[in-house]
Amino acid sequence: MPVQDIYKAVIDFKDSEIANLVQAEVDAGTDVSSILNDGLIGAMDEVGKLFGEGRLFVPEMLMAAQTMKAGLEIIRPLLGGADAKPRGTVVIGTVKGDLHDIGKNLVAMMLEGAGFTIVDLGVDVEPQAFLDAAKENEAQLIAMSALLTTTMPAMEECVKIVKEAGLDTKLVIGGAPVTQAYADKINADGYSADAPGAVSLARKIVPS
Ligand code: B1M
């Protein structure tokens, strides 16, 4: 099954082959969500599992991440659908202390495809930098990503300073260890488990 080849290429760190494999699947008419979920994301889940079991180490995780990113670039134009109307501005970033950016990039790509203007602050973003960028860009939304349990408190800090500053900007959060219960606890305005969910959430919070 060709999507299996994409999955295997990520696990085997074949960063020079992944673009061709993904392009071939796109050309063959394979559903983009299958390429993404069964191929690219499925492989990263397996890499995470192997790391958790001590069977893979950080350099390998990094090589798999680079391979996944190269594959993601091929499907970037196909993510998010045809909704190109300007919908508002989203400031997005991975929180302070956290360097994981694949999920954040995927969320940004899909929001962009859905018509939002994206201000991407990158990784390791201080709470104050989210606040400053939201003010400067008159953003409707701040979207924060965290992949480490140890960096989740930075989300709470950011929610606190943005609300204290009296901004209208809403805050939404996500990332593997984050939950709706955590969003409720820190008084965030929304949570989503995945990138398509982030688009639905943003559309709900920022109606066109
Ligand atoms: Co890291 N890492 N890592 N890592 N890494 C995890 C997260 C881990 C679960 C692996 C494990 O132990 N099984 C574990 C965290 C444990 C924990 O805290 N619970 C871990 C660890 C421990 C670490 C280090 C501490 C390892 C070390 O140095 N000893 C270190 C920390 C560095 C730091 O950040 N300060 C580290 C480093 C790295 C690399 C740099 C090597 C690399 C990242 C490269 C990069 O991103 N450029 C890496 C990787 C690749 C992973 C795994 C394997 C894969 C993450 C990923 O990209 N997944 C990961 C294991 C796993 O998650 N299965 C792991 C694919 C991506 C599409 O999914 O990011 O979850 P995800 O995004 C999803 C959703 O979560 C959601 O949408 C996306 C999909 O639709 N989403 C949002 C994400 N952000 C959102 C924001 C939103 C909404 C939805 O806003 C509204």
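As the structure lists them, so they are numbered: ligands from 1, and atoms in each ligand from 1. Please read all numbers here as calculations on a predicted model, not as lab measurements. Numbering of residues begins at 1 and proceeds along the displayed sequence. Heavy atoms only: backbone and side chains are in, while hydrogens, waters and symmetry mates are out.
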[atom] protein-contacted, heavy-atom criterion under 4.0 angstrom:
atom: atom 86 (C) of ligand 1; result: yes
atom: atom 41 (C) of ligand 1; result: yes
atom: atom 45 (C) of ligand 1; result: yes

Tell me which protein heavy atom sits closest to [atom], plus the residue, atom name and distance to 0.1 Å.
atom: atom 7 (C) of ligand 1; answer: L147 O, 3.5 Å
atom: atom 51 (C) of ligand 1; answer: M61 SD, 3.5 Å
atom: atom 8 (C) of ligand 1; answer: F51 CD2, 4.9 Å
atom: atom 43 (C) of ligand 1; answer: H100 CD2, 3.7 Å
atom: atom 50 (C) of ligand 1; answer: M44 CE, 3.4 Å
atom: atom 61 (C) of ligand 1; answer: G48 CA, 4.3 Å
atom: atom 72 (O) of ligand 1; answer: G103 CA, 3.3 Å
atom: atom 88 (C) of ligand 1; answer: S192 OG, 3.4 Å

Between D5 and K14, does any NZ, NE, NH1 or NH2 come within less than 4.0 Å of an OD or OE carboxylate oxygen? no
Do the charged groups of E73 and R76 touch, with an N to O distance under 4.0 Å? yes
Do D38 and S34 meet the criterion of a side-chain donor-acceptor pair at a distance under 3.5 Å? yes
Looking only at heavy atoms of K69, does any of them come nearer than 4.0 Å to an atom of ligand 1? yes
Sub-4.0 Å heavy-atom contact, P177 with ligand 1: no
Using side-chain heavy atoms (C-beta onward) and a distance below 4.5 Å, is [X] in contact with [Y]?
X: I186; Y: I173; answer: yes
X: D132; Y: E126; answer: no
X: L111; Y: V199; answer: yes
X: L50; Y: E60; answer: no

Within the distance-only criterion (no hydrogens, no angle test), does the side chain of [X] pair as donor or acceptor with the backbone N or O of [Y] below 3.5 angstrom?
X: D189; Y: L171; answer: yes
X: D101; Y: K104; answer: no
X: T151; Y: G97; answer: no
X: T117; Y: T89; answer: no
X: Y191; Y: Y182; answer: no

Any idea which of L148, I173, L106 brings a heavy atom closest to atom 91 (C) of ligand 1? I173
Evaluating non-hydrogen atoms only, which member of P196, G175, G190 is closest to atom 82 (C) of ligand 1? G175
Ligand 1 to [X] polar contact by distance, N or O atoms, under 3.5 Å:
X: A176; value: yes
X: K49; value: no
X: L62; value: no
X: T149; value: yes

Under a 4.0 angstrom heavy-atom cut-off, which atoms of ligand 1 come close to A65? 44 (C), 50 (C)
Can you list the atoms of ligand 1 that are under 4.0 Å from a heavy atom of D45? 63 (N)
Using a 4.0 Å heavy-atom cut-off, say whether [X] meets ligand 1 through its side chain, its backbone, both or neither.
X: V107; value: side chain
X: A193; value: backbone
X: M144; value: backbone
X: T150; value: neither

Exactly one of V162, L201, I205, V206 clears side-chain contact (heavy atoms from CB on, under 4.5 Å) with K170, and that residue is I205
Begin with the C-alpha distance, continue with both residues' side-chain angles, and end with the deciding distance and a verdict on side-chain contact (heavy atoms from CB on, under 4.5 Å) for V10 and M44. CA-CA 7 Å; V10 175; M44 289 311 288; 3.8 Å; yes
Other residues, nucleotides and ligands only: do more than 12 of their heavy atoms fall within 6.0 Å of NZ on K163? yes
